[in-house]
Amino acid sequence: MKFSFSARWIAALAVGLAAWPNVAFADGTAWLSEPGTGYLSLSYVGQTADEYFRSESKRATPRGENLTQNTVWLTANYALGESWALDARVGWARSDFVVGPMIPTTMANFSGLVDSTLGVTWRLNDELTSDYPSVAARGGVVLAGDYETGHINSLGDGADGFELSVIVGEFVSTQFGLSAEFGYRARGGNVPDETFTNLSGLWLISDRLSLGLDYQLVDARSGLDIGGPGFDPTKFPEVQEDTQIVAGRLYYAVSERIGLSVFHAGVVKGRNAPASTVYGVTASYSFDRY
């Protein structure tokens with residue numbers, strides 16, 4: 001038995017999935033909105049860590065140091081046709097390297113534009129018109145921001161690249177939906193290639209409120225270990241940085257076009273990465289050209 005959902009509700013759920021911009025993941029969804037419609041979202045994301053993974057060993061940061069980053073993201077998605085959609089994301093961030101839990105003193109801070117993405121999604125199957133899950137393929141480019149690299153709290157790895165992924169999504173009942181994205185990302189210079197996996201579950205509590213649970217994995221295919229052979233601080237972009245993140249989010253449709261979401265996430269396992277706590281809020285607006 002297949003379930004029927006309005007196109008606008010599907011679009012709202014797509015916003016809910018894309019609404020918590022994460023650190024290094026793609027922007028794909030298998031649920032596209034009607035042609036000529038789309039959404040804009042503005043997000044604030046905070047990250048903080050007082051522990052990190054040196055290779056795969058979790059340690060406290062020396063002398064009680066804190067790593068923090070605050071990012072503002074602007075995300076857009078627009079459906080060009082029945083099976084095509086464009087997405088774009090730009091952001092600005094500030095990171096701080098802080099010492100002292102009682103009287104913090106900023107040791108180093110950086111700010112600027114973070115890596116932007118521009119992508120196109122091609123839907124291969126629509127669950128609303130078939131007996132099979134929605135399936136889509138996405139290709140995107142990564143454009144490096146204007147930040148300085150070679151620091152533990154740099155805003156990124158400073159390299160352009162591309163990413164390819166396949167996304168599958170299905171509502172298994174009128175209240176529960178599942179989504180999975182599997183992809184590959186390659187960037188220039190000596191930045192390691194990486195695979196990524198994004199798994200999401202949706203619970204539609206009411207016609208306005210939904211709850212989401214996410215698991216995200218980034219697995220670098222090669223690279224250096226912090227403190228290992230060949231490493232020095234200038235080579236932070238070359239480290240093998242792996243992360244596993246578990247997140248929860250709540251999405252509320254304020255009106256037919258406006259939505260709000262909040263989210264909280266944590267790095268539960270990693271390699272050469274901060275053991276960050278991530279939190280934030282997103283406001284989204286759905287639009288059409290009619």
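Computed from a prediction, not measured in an experiment: that's the story for all the values here.
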Here the gap from D193 atom CG to F162 atom CZ, rounded to the nearest 0.5 Å, amounts to 7.0 Å
Ion pair present between R221 and D219, side-chain N to carboxylate O less than 4.0 angstrom?
yes
In terms of heavy-atom contacts, L118 and R138 come closest through C-NH2, 4.3 Å
Gap separating the OH atom of Y279 from the CD atom of Q47, nearest 0.5 angstrom:
9.0 Å
Give the ring-plane orientation class for F231 versus F236, where under 30° counts as parallel, over 60° as perpendicular and anything between as tilted.
perpendicular
Let me know which of S83, S134, S130 forms a side-chain hydrogen bond (donor to acceptor under 3.5 Å, both in side chains) with N125.
S130
Quick one: CG on L74 to OG on S43, what's the gap to the nearest 0.5 Å?
8.5 Å
Electrostatic pair D242:K269 at N-O distance under 4.0 angstrom:
no
Is the gap between the ring centers of W31 and F171 under 6.0 Å?
yes
By side chain to side chain contact (heavy atoms under 4.5 Å, CB included), which residues pair with N190, not counting sequence neighbours?
E238
Of all the heavy-atom pairs spanning A144 and D160, show the shortest one and how long it is.
N-OD1, 2.8 Å
Are the aromatic ring centres of Y39 and Y78 under 6.0 angstrom apart?
no
